[in-house]
Amino acid sequence: MALDINEFVKRLKDAYKAWNAPVITFMAGIGATPFEVLIATLLSLRTKDEVTAPAARRLFAVANTPETLLALGEEEVAKLIYPVGFYPTKSKRIMEISTMILDKYNGVVPDDLDELLTLPGVGRKTANLVLVEGYQMEAICVDTHVHRISNRIGYVKTKNADQTEMALRKKLPKKHWIIYNEILVAFGQVLCRPISPFCSTCPVADLCPKIGVTKHR
DNA sequence: AAAACGGGGGC
DNA sequence: GCCCCAGTTTT
């Protein structure tokens, strides 16, 4: 029997806010601007969310626009975001992207996927997250959590994040797009872990075929 | 000492 | 499509 996605979303929708997934609650909590979403996403690369969120807070308290970040300078940015992983590379990237947004887009982060993709270090995941969290637009942002869980529950059968995005775009009812993203990221961070997920306390365990799960808690 | 943390870009 | 990349934290 195929997964009932409406029932799946409905059940998780009420539960997920209590999980306090760090970056999602962080961005929602401060009502992050598109530019803040962009920078926070760059910071989060290969870095745990509980490290990224405070670093983003420290940085945004001092500078949260292209102008102010450029005025602050690469060295100061690097100090503020430490100990986020790859902080020298990231502070350099923040300078590049701030420059480009200021020069090419008059300091306004584009609200268009193709424009966002022209920015250095911005791919489909980052671009779509800016659209979803920054502009509250209907988009699907597929990170490793969304990709893994979409396959684990048997809703799609895809090999990579891009394929998952396309499949979800076609298959997932549009009214679920944003909430599906948010709950799956939170769900993936706290319960539906890559290895040894917490199926015993999972609110949708009975709906889930646990595809590819060999061990669970 | 080794693994985990995830995405973008170059070829 | 495959391989490369970077630094901190956790085991």
Side-chain angles (χ1 to χ4, degrees), chain A residues 19-27 32 34-59 74-101 104 109-110 112-134 139-152 156-168 181-182 184-198 212-217:
Chain A
W19 298 336
N20 283 318
V23 163
I24 289 285
T25 50
F26 166 66
M27 294 199 289
F35 187 73
E36 287 171 332
V37 173
L38 177 59
I39 299 301
T41 308
L42 297 180
L43 289 182
S44 76
L45 191 66
R46 202 87 170 134
T47 300
K48 284 182 169 46
D49 295 319
E50 48 268 42
V51 175
T52 305
R57 272 184 210 287
R58 287 195 301 275
L59 182 63
E74 188 178 324
E75 254 92 89
E76 279 305 309
V77 171
K79 281 185 201 164
L80 284 166
I81 63 177
Y82 185 89
V84 159
F86 314 113
Y87 63 96
T89 314
K90 285 172 182 174
S91 53
K92 191 167 294 178
R93 178 72 80 205
I94 288 170
M95 293 298 110
E96 288 173 10
I97 214 161
S98 296
T99 303
M100 201 178 241
I101 289 173
K104 250 185 103 174
V109 177
D112 175 81
L113 182 65
D114 291 328
E115 291 293 339
L116 285 165
L117 291 175
T118 67
L119 297 170
V122 174
R124 299 194 71 82
K125 185 262 176 177
T126 307
N128 278 313
L129 192 64
V130 168
L131 297 179
V132 173
E133 293 293 333
I140 295 177
C141 164
V142 178
D143 67 353
T144 54
H145 294 302
V146 176
H147 174 62
R148 176 183 74 253
I149 297 167
S150 295
N151 279 279
R152 183 174 281 172
V156 301
K157 290 172 183 62
T158 51
K159 286 208 271 301
N160 58 48
D162 285 353
Q163 286 183 16
T164 303
E165 188 196 321
M166 298 316 157
L168 291 178
N181 259 278
E182 291 191 349
L184 255 60
V185 173
F187 185 42
Q189 285 175 349
V190 300
L191 278 183
C192 202
R193 304 292 305 159
I195 51 174
S196 200
F198 296 92
V213 177
T214 52
K215 208 191 310 182
H216 61 81
R217 292 175 269 189

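Chain identifiers are assigned alphabetically (A, B, ...) following the order of the sequence lines, protein sequences preceding nucleic acid strands; residue numbering begins at 1 within each chain.
Considering every non-hydrogen atom in both A/I81 and A/A55, the closest pair reads O-CB, 3.7 Å.
Contact of the A/L116 side chain with the A/V109 side chain is registered, since non-hydrogen atoms from C-beta on lie closer than 4.5 Å. Counting only heavy atoms from C-beta outward, the side chains of A/I97 and A/I39 approach each other to under 4.5 Å. Counting only heavy atoms from C-beta outward, the side chains of A/K90 and A/T47 approach each other to under 4.5 Å. Using a 4.5 Å cut-off on side-chain heavy atoms (C-beta onward), A/S150 and A/T158 make no contact. Residues A/T164 and A/N151 meet the side-chain proximity criterion, which asks for heavy atoms closer than 4.5 Å.
Between the CG atom of A/L45 and the C1' atom of B/dA4 there is a distance of 14 Å, given to the nearest Å. Atom pair A/L117:CG and B/dG8:C1' shows a separation of 11 Å (rounding to whole Å applied). With rounding to whole Å, A/E165 atom CD is found 16 Å from B/dG6 atom C1'. In this structure, A/K48 atom NZ and B/dG7 atom C1' are separated by 15 Å, rounded to whole Å. For the pair A/I81 CD1 and B/dC5 C1', the computed distance is 16 Å after rounding to whole Å. The distance from atom CD1 of A/I149 to atom P of B/dG6 is 12 Å, rounded to the nearest whole Å. Between the CG atom of A/L43 and the C1' atom of B/dG6 there is a distance of 14 Å, given to the nearest Å. Taking atom CG of residue A/L116 and atom C1' of nucleotide B/dG8, one finds them 15 Å apart after rounding to whole Å.
Looking at residues two or more places apart in sequence or on another chain, you find a side-chain contact (heavy atoms from CB on, under 4.5 Å) between A/L191 and A/W19, A/F187, A/F198, A/T201, A/P203. Taking A/K104 as the reference, A/M100, A/T118 meet the side-chain contact (heavy atoms from CB on, under 4.5 Å) condition, with sequence neighbours excluded. Applying the side chain to side chain donor-acceptor pair (under 3.5 Å) rule to A/D143 yields no partners; only residues at least two apart in sequence or on another chain are considered.
C/dT8 and B/dG9: their C1' atoms are spaced 23 Å apart (whole Å). Across B/dC11 and C/dA6, the matching P atoms stand 15 Å from one another, rounded to whole Å. The gap from the P atom of B/dG6 to that of C/dT11 amounts to 15 Å, rounded to the nearest Å.
Read 5' to 3', the first and last nucleotides of DNA chain C with an atom closer than 4.0 Å to a heavy atom of chain A are C/dA6 to C/dT9.
Counting any heavy atom pair closer than 4.0 Å across all strands shown, A/D143 reaches sugar-phosphate atoms only and no base atom. Across all strands, A/T126 comes closer than 4.0 Å only to sugar-phosphate atoms, never to a base (heavy-atom distances). Nucleic acid contact class of A/R93 (heavy atoms, under 4.0 Å, all strands): none. Here A/V122 lies in heavy-atom contact (under 4.0 Å) with sugar-phosphate atoms only.
For DNA chain C, the residues of residues 83-90 of chain A within the heavy-atom distance limit of 4.0 Å (strictly under) are A/P83, A/G85, A/F86, A/Y87, A/P88, A/T89, sorted by number.
Both A/R46 and A/R124 lie close to DNA chain B; mapped to their nearest nucleotides by heavy-atom distance, the more 5′-ward contact belongs to A/R46.
Applying the salt bridge (charged side-chain N to carboxylate O under 4.0 Å, His left out) rule to pairs touching residues 115-124 of chain A yields A/R124-A/E165, sequence neighbours excluded.
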